[in-house]
2 protein chains.
Amino acid sequence: MPLRPLPAVQKEDAGRRTAERLRLLAEQLQPQRRMVHTGDVIYQAGERFGNLYILNSGFFKIVNLSADGREQVVGLKFRGDWLGFDGIAGQRYVCDAVAMDTGEVWVVPYESLLAACAAHPALLQMLHAAMSREIAHDRDSLMSVCTLPADARVADFLRYWAESLADRGMRTDEITLRMTRAEIGNYLGMTLESVSRALSRLARDKVIGFATKGRREVQIPDVGALSAFVQRCLAPAPAMLQ
Amino acid sequence: MPLRPLPAVQKEDAGRRTAERLRLLAEQLQPQRRMVHTGDVIYQAGERFGNLYILNSGFFKIVNLSADGREQVVGLKFRGDWLGFDGIAGQRYVCDAVAMDTGEVWVVPYESLLAACAAHPALLQMLHAAMSREIAHDRDSLMSVCTLPADARVADFLRYWAESLADRGMRTDEITLRMTRAEIGNYLGMTLESVSRALSRLARDKVIGFATKGRREVQIPDVGALSAFVQRCLAPAPAMLQ
DNA sequence: CGAGCCCTTGAGCCTTCTCAAGAGCGGTGG
DNA sequence: CCACCGCTCTTGAGAAGGCTCAAGGGCTCG
């Protein structure tokens with residue numbers, strides 16, 4: 001039985017790849033840069049599509065709205081991620097993109113991006129890779145929500161957040177959740193109380209720790225322990241012997 | 001309160017659009033055509049990426065596999081849909097694509113597609129629109145699973161299936177589910193028993209009907225009734241007065 | 001120092017899952 | 001032709017995970 005994701009070899013160059021990609025994009029697209037602050041909305045469902053956005057720093061959440069008023073966080077975006085793909089097909093965005101922190105986004109008019117892609121095939125490759133990654137990740141999200149019990153979902157969420165940071169060369173031993181319990185619960189399909197209980201259990205099991213002040217900072221001494229915790233949730237049989 | 005999706009005006013030309021798109025693709029890409037039968041696997045997780053596929057007829061399911069052996073249906077594909085986007089980023093497919101019926105897929109080598117796109121910008125537009133649609137739909141799936149109770153999820157699933165057929169100009173008053181209760185449950189994050197109970201309830205409420213023989217065929221006299229049922233599930237207050 | 005959030009924790013309830021039994025349908029072989 | 005087998009589906013009863021409701025504590029900011 002295969003038991004570990006093992007996300008390929010990339011230790012010291014974590015983040016360098018992202019930085020390199022961003023450098024290339026900046027160079028070839030010369031995008032307009034725009035500072036954002038917590039709560040800023042970069043685009044909104046229903047708004048006419050025109051730009052894609054590249055996140056140079058900060059964090060974003062993507063919020064989906066249904067016709068009947070349900071509202072759900074369906075994605076999280078980190079440095080190097082693209083935003084706005086959902087708008088291409090219908091020429092209107094179908095989600096809101098909301099900043100969860102101070103940061104900088106690059107504005108890339110879709111039409112001029114296409115023009116640039118025609119000249120630089122590597123650009124097109126990056127665009128497609130970004131869309132592909134988003135599709136693959138959305139599916140993983142769906143699988144987590146569908147197949148994991150609540151506690152494991154929270155653990156997997158933290159693992160995902162930590163790994164996203166690690167991929168970009170950022171610290172993961174102490175991370176700052178940019179979301180309230182309610183937002184996390186919304187993203188994971190559970191209530192804020194359940195999120196809180198799950199975090200308490202993770203802390204009790206020493207899989208995570210809380211900083212001295214505030215429960216927004218989470219210490220993750222070992223990301224692998226989070227994966228192990230998920231596995232433990234999936235194998236309910238305590239396996240008394242052997 | 002906005003209460004109805006109202007998916008734009010497209011009655012008699014439903015399906016014509018799809019057919020037109022396919023005609024264009026066939027013409028410009030001259031793809032290799034490949035017949036498939038129920039259970040055939042077009043590509044598999046881990047396999048080296050090279051081709052995208054366009055579904056000309058039949059139905060596919062996309063199955064995601066986790067490192068620890070969980071398996072989940074994360075997508076359904078109908079005529080005109082593209083398959084294989086998940087493989088672009090990592091140069092390996094990360095899902096299985098499995099035929100649920102006899103059908104025909106067109107094989108489109110990614111590299112030659114890019115070459116064709118360079119010559120025909122409309123092609124690139126179609127490619128991006130397909131990827132964009134997939135991203136938007138994956139998010140809707142996540143929202144359904146996260147925000148709807150079991151019964152509503154099943155109703156919404158039927159609505160989605162019926163609308164997918166309608167968009168392609170196919171009948172929706174009587175549809176044949178290509179999936180077992182177990183597969184539907186897996187896709188929706190619930191057990192097969194819950195799916196069965198939900199379908200029974202939908203039938204009892206006359207929102208759907210079952211054909212004389214076999215419970216695989218579902219009669220949907222009015223797709224709108226499915227949406228209404230979803231709304232009813234969301235508004236638990238019986239609203240006794242007024 | 002008080003107001004407004006956000007978070008935690010408990011108790012009871014409800015939806016959904018689990019386990020189990022049985023029916024319907026289709027295929028196979030005696 | 002019919003008996004049998006395997007698979008799928010339905011339905012019930014009981015268990016349980018997660019939700020709802022409620023109370024209380026901690027931060028932050030004015």
Side-chain angles (χ1 to χ4, degrees), chain A residues 38-39 70 72-73 100 144-158 176-205 208-218 230 232-238, chain B residues 38-39 70 72-73 100 144-158 176-205 208-218 230 232-238:
Chain A
T38 307
R70 280 170 294 149
Q72 155 124 35
V73 178
M100 296 193 295
S144 285
V145 169
C146 284
T147 65
L148 296 181
D151 286 4
R153 235 133 78 198
V154 173
D156 197 57
F157 165 76
L158 293 174
T176 302
L177 296 180
R178 254 78 196 177
M179 311 166 74
T180 65
R181 304 295 190 250
E183 281 176 311
I184 296 172
N186 178 291
Y187 180 51
L188 299 177
M190 53 203 269
T191 60
L192 66 114
E193 292 95 331
S194 292
V195 174
S196 180
R197 282 186 243 271
L199 288 171
S200 297
R201 259 183 295 262
L202 284 167
R204 186 165 48 63
D205 291 9
I208 64 171
F210 282 116
T212 47
K213 287 226 167 180
R215 277 139 229 82
R216 235 29 189 272
E217 330 272 308
V218 176
V230 172
R232 226 175 305 144
C233 291
L234 289 173
Chain B
T38 307
R70 280 170 293 148
Q72 154 124 36
V73 178
M100 295 192 295
S144 286
V145 169
C146 284
T147 65
L148 296 182
D151 286 5
R153 236 132 80 197
V154 172
D156 197 56
F157 164 77
L158 292 174
T176 301
L177 296 180
R178 253 77 197 180
M179 310 165 76
T180 65
R181 306 293 192 251
E183 281 176 310
I184 296 172
N186 178 291
Y187 179 51
L188 300 177
M190 53 202 270
T191 59
L192 67 112
E193 292 95 331
S194 293
V195 175
S196 180
R197 282 186 244 270
L199 288 171
S200 297
R201 259 183 295 263
L202 284 167
R204 185 165 48 64
D205 290 9
I208 64 171
F210 282 116
T212 46
K213 286 227 167 181
R215 276 138 227 84
R216 239 23 192 271
E217 331 272 309
V218 175
V230 172
R232 226 176 303 146
C233 290
L234 288 172

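Computed from a predicted structure; not experimentally measured. All values below come from the heavy atoms of this structure, side chains included, with hydrogens, waters and symmetry mates left out.
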Under 4.0 Å, counting only non-hydrogen atoms across every strand here, what does B:Leu192 touch: a base, just sugar-phosphate, or nothing? base
Just to confirm, is there a sub-4.0 Å distance from OP1 or OP2 of C:dT9 to any side-chain nitrogen or oxygen of A:Ser200? yes
A:Phe210 has an atom CZ; how far is it from atom P of D:dG26, in whole Å? 15 Å
Looking just at side-chain N and O atoms, do B:Gln72 and A:Thr147 make a donor-acceptor pair shorter than 3.5 Å? no
To the nearest Å, how far apart are A:Ile184 CD1 and C:dC7 C1'? 11 Å
Counting N and O atoms only, with roles assigned by atom type, does the side chain of B:Arg204 sit under 3.5 Å from a partner on the main chain of B:Leu199, one being a donor and the other an acceptor? no
If we ignore hydrogens and angles and just use 3.5 Å, is the side chain of A:Ser200 paired with the main-chain N or O of A:Ser196 as donor and acceptor? yes
Should A:Arg216 be listed as having a side-chain N or O under 4.0 Å from OP1 or OP2 of C:dC7? yes
Short question: side chain of A:Ser194, backbone of A:Met190 - any donor-acceptor pair under 3.5 Å? no
Using the closest heavy atom to pick a nucleotide of DNA chain C for each, name whichever of B:Glu193 or B:Arg201 lands nearer the 5' end. B:Arg201
Check whether any side-chain N or O of A:Arg153 sits under 3.5 Å from a backbone N or O of A:Leu148 as a donor-acceptor pair, and report yes or no. yes
Between B:Leu199 (CG) and D:dT10 (P), how many Å, whole number? 6 Å
For A:Arg215 and for A:Met190, locate the closest nucleotide of DNA chain D by heavy-atom distance; then report the residue assigned to the nucleotide nearer the 5' terminus. A:Met190
In whole Å, what is the span from the CG atom of A:Leu188 to the P atom of D:dC19? 11 Å
Would you say B:Ser194 places a side-chain N or O within less than 4.0 Å of OP1 or OP2 belonging to C:dC17? yes
Please determine, for the side chain of B:Thr180, which listed nucleotide (D:dC9, C:dT16, D:dC19) has the closest atom? D:dC9
Does C:dT16 have its OP1 or OP2 closer than 4.0 Å to a side-chain nitrogen or oxygen of B:Thr191? no
At less than 4.0 Å, is any side-chain N or O atom of B:Ser196 found next to OP1 or OP2 of D:dC9? Yes or no. no
Please check the phosphate of C:dT8 (OP1 and OP2 only) for any side-chain N or O of A:Arg181 closer than 4.0 Å. yes
Mind calculating the distance between CZ (B:Arg204) and P (D:dT11) to the nearest angstrom? 10 Å
Do the side chain of A:Arg197 and the base of C:dG10 come within less than 3.5 angstrom through a donor-acceptor pair of N or O atoms? yes
Interatomic distance, A:Leu202 CG vs C:dT9 P [rounded to whole Å]: 13 Å
Interatomic distance where CG belongs to A:Asn186 and C1' belongs to C:dC7 [whole Å]: 17 Å
